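To start, the structure under review is shown below, and the notes come after it.
Here is the naming used below: chain letters follow the sequence lines, and residue numbers restart at 1 for every chain. Computed from a predicted model, the values in this text were never measured in an experiment.
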Amino acid sequence: MDVFAEVKAHVAAAVGRLAAAGALPAGLDLSAVSVEPPRDAAHGDMATNAAMALARPARMSPRDIATALAGELGKAPGVVGVDVAGPGFLNLRLAPSFWFGVLPTVLTQGTGFGRADLGAGRRVNVEFVSANPTGPMHVGHARGAVFGDALANLLGFAGFDVTREYYVNDGGAQVDVLARSAFERYREACGLEPAIVEGLYPGDYLIPVGETLKAKYGERLLDRPEQEWLTEVREFATSEMMAMIREDLAALGVTMDHFYSERSLYGTGRIEAALAALEGRGLVYEGVLEPPKGKTPDDWEPREQTLFRATAFGDDVDRPVKKSDGSWTYFAPDIAYHFDKVERGYDELIDVLGADHGGYVKRLKAIVSALSDDRVPLDVKLIQLVKLTKGGEPVKMSKRAGTFVTLRDVVDEVGRDVARFVMLTRKNDAALEFDFDKVLEQSKDNPVFYVQYAHARAWSVARRAEEAGFALDDAALAAADLAPLGAPGELALARKLAEWPRLVALAAQHHEPHRVAFYLYDLAGAFHALQHQGKLESELRFVQADAPETTRARLALVRATAVVIAAGLGILGVTPMNEMR
RNA sequence: GUCCCCGUAGCUCAGCGGAUAGAGCGAUCGCCUCCUAAGCGAUAGGUCACAGGUUCAAGUCCUGUCGGGGACGCCA
């Protein structure tokens with residue numbers, strides 16, 4: 001139940017009645033009408049722009065419409081006052097009972113409160129992480145993983161049927177390099193000196209892979225030429241890397257529904273089928289590209305190759321799908337992969353990519369647009385860098401020196417919950433500073449702590465109440481008489497709780513899980529403020545031993561707060577803490 | 001050269017086309033006999049980079065300029 005949507009329905013009904021009475025034209029488009037919380041609380045509880053939005057299509061002055069609407073809206077349930085303000089805003093004042101009315105709903109629905117039917121069961125595929133299976137994941141991957149997972153949670157909560165998918169780049173040259181690197185570790189395990197030359201992966205994480213290879217094959221691969229072992233070692237090493245990556249993801253609390261293999265696209269006709277689909281639309285041709293601007297390669301030679309007409313979709317140049325020797329470029333399997341997603345019947349696609357893939361976005365959108373005939377929207381979310389610091393000083397990262405920070409390092413150092421929450425306190429397209437010291441700080445400056453503390457305090461109040469003999473059953477509290485509520489802090493908190501469904505809908509629409517984190521910070525603030533009121537005026541304390549009705553009403557508010565914080569943290573994938581010590 | 005992202009308080013950042021642009025930190029001043037002070041408040045602090053445009057209404061949308069970051073290849 002979204003109270004803002006509810007009031008908007010009243011507005012629509014009022015417009016309908018006025019139209020029926022001839023006071024407004026019939027059939028007005030209400031899509032520009034919004035009902036939202038006013039920025040300034042002095043303006044009332046809710047504001048609608050209806051009169052201004054309808055003025056032009058109705059060919060009437062905003063104030064005339066506003067006056068007429070005010071008369072109708074005054075009759076709506078819960079509305080105790082309607083003011084026409086400014087250029088034609090309608091400010092609604094609502095009875096406190098309207099806001100407190102959200103409490104039984106929260107207590108009845110539990111952490112399902114705020115679930116929306118925005119998605120209407122539409123199928124959405126969220127592809128994220130997709131790190132190359134050549135080594136452990138680093139912090140950047142962690143941010144993408146957390147973002148993608150939280151976005152998937154959010155969309156699921158908003159009524160979409162979500163698939164989490166990981167595209168495994170196991171088809172390119174880099175997995176051959178992995179195989180050669182693992183082979184050197186295998187030689188090392190056999191007592192030989194490994195030749196980890198420039199271009200191979202030097203990481204220690206391949207040492208156990210080499211040992212397992214020795215256990216598996218003994219020494220019999222040692223004298224064999226590369227073509228005899230490459231395929232087997234590659235497959236083995238790749239699956240070992242993917243096992244490691246799955247473990248890392250599990251450490252972050254991320255579970256994928258599908259791992260989609262790039263290799264499965266080769267030699268199976270999938271790429272050819274996707275290309276044929278493009279050819280059928282006249283989007284593939286043989287041509288010669290201009291040399292890239294700005295940074296012309298020394299060895300540039302114009303050559304004829306197979307190109308995709310990406311410029312027809314707003315890309316800067318057409319993109320090669322085949323090299324001049326006839327082999328596929330990296331783009332070709334990506335075309336096939338997105339074709340496959342379209343064919344699997346998804347209604348929406350989301351790709352979560354590192355910011356270094358920015359130059360790739362237009363051609364991906366072009367492909368999906370072309371292959372779905374514009375039916376399937378693709379949203380590409382680019383994840384900006386994570387700047388790691390400790391006590392304000394940058395943490396140096398160097399692959400060569402072996403000091404680069406892995407996903408696992410971060411989780412081990414600060415824990416899954418902190419890592420996840422902090423990574424969701426920025427928009428995906430803004431750089432994120434992650435300070436190892438600050439994220440563990442127990443202060444208001446640290447949103448993770450602040451939100452967890454609010455939840456723990458709510459539980460602490462509940463424990464106190466229980467000791468004082470009050471029943472804490474949410475179903476019973478849902479039936480509590482809420483008349484004793486009404487203090488300004490209580491009302492502010494209830495208002496914030498009532499905003500949750502609307503917040504979910506907005507965050508889901510915009511694919512912005514960080515909004516949930518900021519909302520929780522606000523909600524926690526409203527709760528801390530109210531609890532503090534009890535220190536200043538003891539009659540405002542939640543638990544009043546000699547006033548059971550008041551206590552029950554307040555416990556309903558406290559429990560509802562805990563429930564919504566838990567629901568929000570659930571979307572972020574963070575475990576709520578019931579006590580801090 | 002082209003494209004993408006960013007530019008909001010001293011710092012770190014929110015901000016849904018709506019009204020007098022908000023938090024935290026830092027600064028100044030307050031608040032614990034009492035549900036977690038790990039907290040709550042008050043004050044000070046702004047040319048929303050700049051210039052045009054669209055709109056009843058622009059921090060928000062469009063164009064351009066400047067500044068910061070990133071990306072461009074028969075790499076993956």
Under 4.0 Å protein heavy-atom contact, by nucleotide of nucleotides 59-64 of chain B - B base, S sugar-phosphate only: B-----
Under-4.0 Å salt bridge between [X] and [Y]:
X	Y	value
A/K496	A/E499	yes
A/D83	A/R93	yes
A/E512	A/K427	no
A/D176	A/R234	yes
A/E441	A/K438	no

By the 4.0 Å heavy-atom rule, please label [X] as base, sugar-phosphate, or nothing.
X	value
A/A47	base
A/Y450	sugar-phosphate
A/R426	sugar-phosphate
A/D316	sugar-phosphate
A/A55	nothing
A/F449	base
A/Q174	sugar-phosphate
A/G534	base
A/S324	base
A/G358	nothing
A/D315	nothing
A/R319	sugar-phosphate
A/L385	nothing
A/A465	nothing

Nearest to the [X] side chain among [options], which nucleotide is it?
X	options	answer
A/A529	B/G18, B/U36, B/G41	B/G41
A/R515	B/C6, B/G18, B/C16	B/C16
A/D445	B/A37, B/U12, B/C25	B/C25
A/L536	B/C31, B/C6, B/C35	B/C31
A/M580	B/A38, B/C75, B/C13	B/A38
A/K323	B/C34, B/C35, B/C75	B/C75
A/P320	B/C74, B/C34, B/A19	B/C74
A/Y521	B/G24, B/A14, B/A38	B/G24

May I ask you to verify if any side-chain N or O of [X] is less than 4.0 angstrom from the OP1 or OP2 atom of [N]?
X	N	value
A/K438	B/C25	no
A/K322	B/C74	no
A/S460	B/C35	no
A/R464	B/U36	yes
A/K444	B/G24	yes
A/H514	B/G15	yes
A/R463	B/U36	no
A/K387	B/U12	no

How long is the line joining [atom1] of [X] and [atom2] of [N], in whole Å?
X	N	atom1	atom2	answer
A/D318	B/C74	CG	P	13 Å
A/Y201	B/A76	OH	C1'	9 Å
A/E441	B/A38	CD	P	14 Å
A/E36	B/G17	CD	P	9 Å
A/D522	B/G24	CG	P	10 Å
A/N91	B/A19	CG	P	11 Å

Counting only Watson-Crick or G-U wobble pairs whose two distances fall under 3.5 Å, which nucleotide matches [N]?
N	value
B/G59	none
B/G1	B/C72
B/C16	none
B/G10	B/C25
B/C48	none

Rounded distance in Å between the P positions of B/A49 and B/G10: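 Going atom to atom, P in each nucleotide, I get 13 Å.
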Measuring centre to centre across the rings, with the benzene-like ring taken for any Trp, is A/F434 within less than 6.0 Å of A/F436? yes
A/H514-A/F147 aromatic ring centre distance below 6.0 Å: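 No, ring centres 6.0 Å or more apart.
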Is A/H357 stacked on the base of B/A71, with ring centres under 5.5 Å apart and planes under 30° apart? no
Ring of A/F89 versus six-membered ring of B/A19: centres under 5.5 Å and planes under 30°? yes
Between A/R363 and A/H532, name the one whose nearest nucleotide on RNA chain B is closer to the 5' end.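 Comparing both residues, the 5'-ward one is A/H532.
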Residue closer to the 5' end of RNA chain B, A/A85 versus A/H528 (nearest nucleotide): A/A85
Pair A/D334, A/Y360 - check side chain to side chain donor-acceptor pair (under 3.5 Å), show working. CA-CA 11 Å; A/D334 248 350; A/Y360 212 65; 3.1 Å; yes
Mind telling me whether A/F527 and A/F542 have parallel, tilted or perpendicular rings, with 30° and 60° as the class edges?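 Answer is parallel, since the angle falls under 30°.
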Mind telling me whether A/F259 and A/Y166 have parallel, tilted or perpendicular rings, with 30° and 60° as the class edges? tilted
Take A/Y453 and A/E579 through the test side chain to side chain donor-acceptor pair (under 3.5 Å) and record every step on the way to the result. CA-CA 8 Å; A/Y453 183 38; A/E579 53 186 331; over 6 Å; no
